[in-house]
Amino acid sequence: MAKQPSLFFTPVSVPLKSIEVQLEVKDHVATVVSTLIYENKEDKPIEAVFVFPLPGDAAVCHFSAKIGQTEIVADVKEKQEAREEYDDALSSGQQAFLLEESEQSPDIFSLKVGSLPPGESASIRLEYVIELSVQADDGLRFCLPAVLNPRYQPQGASVQVTSVPASQVPYTLSFSARVSSPRPISKVESSCSLDPLQYLNTEQTQATVKLAAGHKFDRDVELLIYYKDAHQPTAVVEAGQASAKPGTLMGDPVVMLSLYPEFPQAVMSSLASCGEFVFLLDRSGSMDFSTDNSERQETCIGSARDTLLLLLKSLPMGCYFNIYSFGSTYEHIFPKSVEYSQKTMEEAVKKVEQMTANLGGTEILMPLNHIYSQPCIPSQPRQLFVFTDGEVGNTHQVINLVKKNSASHRCFSFGIGEGASSALINGLAKEGGGHAQFITGTERMQPKVMQSLRFALQPVVSDISVTWDLPKGVSVTVLSPPISTIFQGQRSLVYAQLTGQSSEAAEGCVTVKYNLAVLTGHFHRLGARTLIRSLEMEEREVRGQQDGRLKEEVVKLSVQSGVSSSFTAFIAVNRDDGKTIQGPMVQRNVPAPASPQIMSISHMSFRRVRIFCVFFILDFSSTRISNISERNEPQLPLKHPLLQLVSLQQASGSWLLHPALAAALGKTSKEVEKSKPASVNKEVWATILALIWLHGFKMDAKEEWELLAMKAVSWLRAQKVPCVTECVEAGSALLGCSVQKDALGL
């Protein structure tokens with residue numbers, strides 16, 4: 001929730017008329033070219049200022065302006081030097097163009113188009129390269145941020161964002177994509193309306209797709225690209241630039257190594273039964289809205305509550321846990337992490353169902369500091385889960401804190417809703433050795449969060465080493481930070497610079513080794529971006545303690561590679577026509593689209609109006625069962641039948657035979673009791689019925705309940721039930737489905 005006011009749009013002429021975006025995807029690397037058309041329809045020169053979002057891990061590598069037939073290509077220079085050159089050009093009546101990255105967050109950029117004369121147009125071209133992240137269902141995710149919500153600034157706003165509701169954006173957007181891969185393209189999906197996918201060859205390895213006309217700017221443009229046989233390791237070498245000096249980053253070949261680990265099935269089938277799980281939930285006012293900016297009843301905070309319920313039911317016996325929530329202040333359910341039991345689980349569920357988005361701003365540093373101040377529990381590896389809509393302005397501070405404590409935990413992050421900061425969400429996971437997920441549009445949060453819980457329960461990967469077997473005369477300099485985490489089914493990328501000469505026929509080999517401990521034109525730019533981000537992080541850690549050497553190194557690398565950094569900016573000055581622009585110049589702020597809901601909450605914050613939210617609370621605690629059992633037959637809400645069943649599970653993994661369970665299964669207590677085999681106790685019967693219902697009617701949501709079902713199966717095995725087959729047959733007959741004992745894992 002934005003504490004400091006952004007600039008709000010007033011109805012004057014806006015010089016930005018259209019944005020055209022062309023996306024080219026090659027395997028899992030994307031090149032994005034954006035063309036912005038500016039036109040001055042006023043009677044005086046203008047300066048157009050546009051603050052907009054870009055992906056936080058993008059390598060911005062080209063910026064140019066075209067005035068008539070004249071094209072001016074920008075140079076990368078040290079930021080203050082670029083600003084002074086821009087100001088000097090405007091003072092002398094010249095046209096100038098400045099593009100710079102925010103020092104607070106690498107996913108916000110500011111573009112200035114200076115001294116655009118009356119009646120003149122300018123075409124601005126911006127290009128960046130980015131890696132595509134792998135999703136839970138093996139799709140590759142590309143996101144074009146179209147929504148820039150105001151960011152909460154704990155110590156005052158330093159980047160002012162001009163915002164308008166999506167319905168009032170005064171310019172148009174067109175978007176097209178071309179996808180190519182060595183493997184066939186299965187499909188391309190989006191949260192936005194797309195024209196049909198067009199294949200360009202019979203092998204279906206090339207295809208194009210376009211955004212349907214009339215995009216409303218109410219959401220980010222997200223593409224999910226699916227390839228056949230996606231999990232294949234690859235190594236691709238890109239030649240150095242002929243114009244660059246050999247021995248430099250841009251002059252030498254660069255290799256991109258893509259790794260897809262496959263762990264032994266025996267290891268993967270035995271998930272961890274210990275760990276300290278800390279859940280950190282954003283309860284700022286902006287969490288009170290739906291993830292897709294619609295009028296749906298489901299809100300971000302409501303979905304987060306349901307997700308926490310699933311997490312609490314899926315935790316293994318023997319672990320420790322705690323739940324924090326934050327806004328302008330923070331709260332925690334327990335003073336310190338407690339052992340997972342029926343009592344502590346019930347207490348946590350009761351507190352979770354009372355959580356609303358009523359804590360004000362987005363002060364995430366305070367709870368993180370408190371969490372890290374708590375001593376780690378011996379033999380219980382700490383796993384931190386962060387849920388936020390990402391509207392913070394001190395991104396670098398938050399990420400630095402996570403990195404500082406990365407040796408003691410893993411961090412899994414979840415960006416909720418449109419406009420969540422990709423720099424924050426990806427940065428938390430990258431520096432915390434975890435995994436990042438984004439929940440946008442009508443996506444359900446639960447499947448993605450449960451996938452991350454499975455990652456957290458995977459064996460710890462240690463002693464990771466990468467060995468390079470290269471031809472004689474060739475050496476390697478690894479540009480990426482050392483690999484600290486590897487997850488089953490998740491890609492890891494390594495960039496390296498190859499120096500030296502060898503014959504054309506020479507071959508090299510890369511070997512990655514690791515141990516599994518059961519819980520104890522594009523690659524150069526991306527390689528440069530990876531190295532720049534590492535150096536920037538190191539510089540922030542020692543700022544004020546050294547002589548500026550690291551900053552100089554970042555500036556040198558940024559200028560050499562042509563990739564933006566927090567210490568540099570793109571500057572272009574039109575010196576060709578020799579004309580001096582006459583008359584006083586006025587500034588025009590180009591608005592970025594923001595959620596109408598966020599707009600209203602920003603206004604309210606500015607006027608210091610405190611927001612209180614009233615929710616309809618579903619009681620998920622098992623203590624409610626005693627009240628329900630007093631009735632003849634409870635009538636449970638029809639919404640979320642899966643959550644109704646899950647809410648009744650015990651911490652041990654079992655279910656109790658109560659009228660509430662019968663109602664969740666769609667039966668009466670009498671029907672359930674009558675069908676029970678005589679030799680089986682009620683708790684075993686109830687647990688088997690719950691498993692049959694999950695397998696028989698909710699296989700489409702298996703990723704959501706799989707872990708809690710595994711807990712139930714483990715509990716049943718410990719009971720040494722003599723007549724499992726009879727129970728499964730009787731339960732299937734009662735519920736009207738056909739489920740076999742083997743399918744249940746029994």
Side-chain angles (χ1 to χ4, degrees), residues 306 309-317 340-346 348-350 353 450 618-631 633-637 640-677 679-699 701-702 704-721 723-724 726-737 739 741 743-746:
D306 292 346
L309 169 70
L310 270 177
L311 285 167
L312 287 170
K313 297 293 183 174
S314 301
L315 291 179
M317 294 294 287
Y340 181 74
S341 66
Q342 183 65 27
K343 180 182 177 181
T344 56
M345 183 198 73
E346 287 182 359
V349 168
K350 186 175 181 180
E353 64 192 24
M450 298 311 294
L618 293 176
D619 190 346
F620 289 127
S621 63
S622 55
T623 55
R624 187 180 179 220
I625 291 173
S626 59
N627 296 329
I628 294 174
S629 61
E630 295 172 4
R631 310 171 194 169
E633 292 299 338
Q635 297 297 315
L636 296 181
H640 298 316
L642 173 60
L643 291 177
Q644 293 294 340
L645 181 74
V646 168
S647 68
L648 300 173
Q649 189 183 31
Q650 303 292 291
S652 63
S654 69
W655 273 266
L656 302 179
L657 194 62
H658 279 278
L661 175 65
L665 298 174
K667 300 295 177 181
T668 65
S669 297
K670 185 176 181 180
E671 289 172 324
V672 172
E673 293 272 6
K674 184 178 179 181
S675 301
K676 183 182 78 67
S679 59
V680 178
N681 72 48
K682 292 183 177 181
E683 194 170 355
V684 168
W685 174 236
T687 304
I688 289 178
L689 284 178
L691 287 174
I692 292 172
W693 187 88
L694 290 171
H695 283 270
F697 301 105
K698 288 296 174 183
M699 285 300 290
K702 184 178 179 182
E704 299 182 34
W705 53 260
E706 188 173 23
L707 289 176
L708 59 88
M710 290 172 64
K711 239 186 8 173
V713 169
S714 296
W715 181 85
L716 283 170
R717 286 175 177 163
Q719 309 310 305
K720 297 187 167 92
V721 183
C723 51
V724 173
E726 181 185 356
C727 287
V728 173
E729 290 176 351
S732 295
L734 170 66
L735 298 178
C737 58
V739 176
K741 180 180 73 171
L744 300 181
L746 298 173

- request: Starting at NZ of K698, measure out to CG of L645 and round the result to the nearest 0.5 Å.
  value: 10.0 Å
- prompt: Between the main-chain N or O of A730 and the side-chain N or O of S675, is there a donor-acceptor pair closer than 3.5 Å?
  reply: no
field: Closest contact, heavy atoms only, L310 versus M450
entry: CB-SD, 4.1 Å
- prompt: L661 versus V672: any side-chain heavy-atom pair under 4.5 Å?
  reply: no
statement: Smallest heavy-atom separation, S679 atom then C723 atom, equals OG-SG, 3.3 Å
query: Is K676 reaching over with its side chain to a backbone N or O of W685, donor-acceptor style, under 3.5 angstrom?
result: no
- request: Determine whether I692 and L744 make a side-chain contact, defined as any pair of heavy atoms from C-beta on separated by less than 4.5 Å.
  value: yes
message: Measuring from atom CD of E353 to atom OG of S647, what distance do you get when rounded to the nearest 0.5 angstrom?
response: 9.5 Å
- prompt: Do you know the tightest heavy-atom contact between S341 and T344?
  reply: N-OG1, 2.9 Å
- prompt: Say you draw a straight line from CG of L309 to OG of S314; how long is it, rounded to the nearest 0.5 Å?
  reply: 8.5 Å
task: Determine the minimum heavy-atom distance between W655 and A712, stating which atoms define it.
output: CZ3-CB, 3.9 Å
message: To check you understand the geometry: which heavy-atom pair defines the closest contact between K711 and P316, and what is its length?
response: CD-CA, 4.2 Å
field: Separation between CG of L734 and NZ of K674, rounded to the nearest 0.5 Å
entry: 11.0 Å
task: Please step through side-chain contact (heavy atoms from CB on, under 4.5 Å) for the pair V724 and L716, ending with a clear verdict.
output: CA-CA 9 Å; V724 173; L716 283 170; over 6 Å; no
message: Please give me the minimum heavy-atom distance between G653 and T687, naming the atom from each residue.
response: O-CG2, 4.2 Å
field: Minimum side-chain heavy-atom gap E683-L656 below 4.5 Å
entry: yes
field: Non-hydrogen side-chain atoms of L708 and Q649 separated by less than 4.5 Å
entry: yes
query: Under 4.5 Å between any side-chain heavy atoms of L694 and L642, yes or no?
result: yes
- prompt: Would you say K682's side chain and E673's backbone share a donor-acceptor pair under 3.5 angstrom?
  reply: no
message: For K313 and M345: C-alpha separation, side-chain torsions, deciding distance, then whether side-chain contact (heavy atoms from CB on, under 4.5 Å) applies.
response: CA-CA 8 Å; K313 297 293 183 174; M345 183 198 73; 3.3 Å; yes
- request: To the nearest 0.5 angstrom, please state how far the CD1 atom of I688 sits from the CD atom of E729.
  value: 11.5 Å
task: To the nearest 0.5 Å, tell me how far D306 CG sits from E704 CD.
output: 10.0 Å
message: I'd like to check the ring pair (Phe, Tyr, Trp, His ring centres under 6.0 Å) partners of W705; sequence neighbours left out, ordered by chain and number.
response: H695
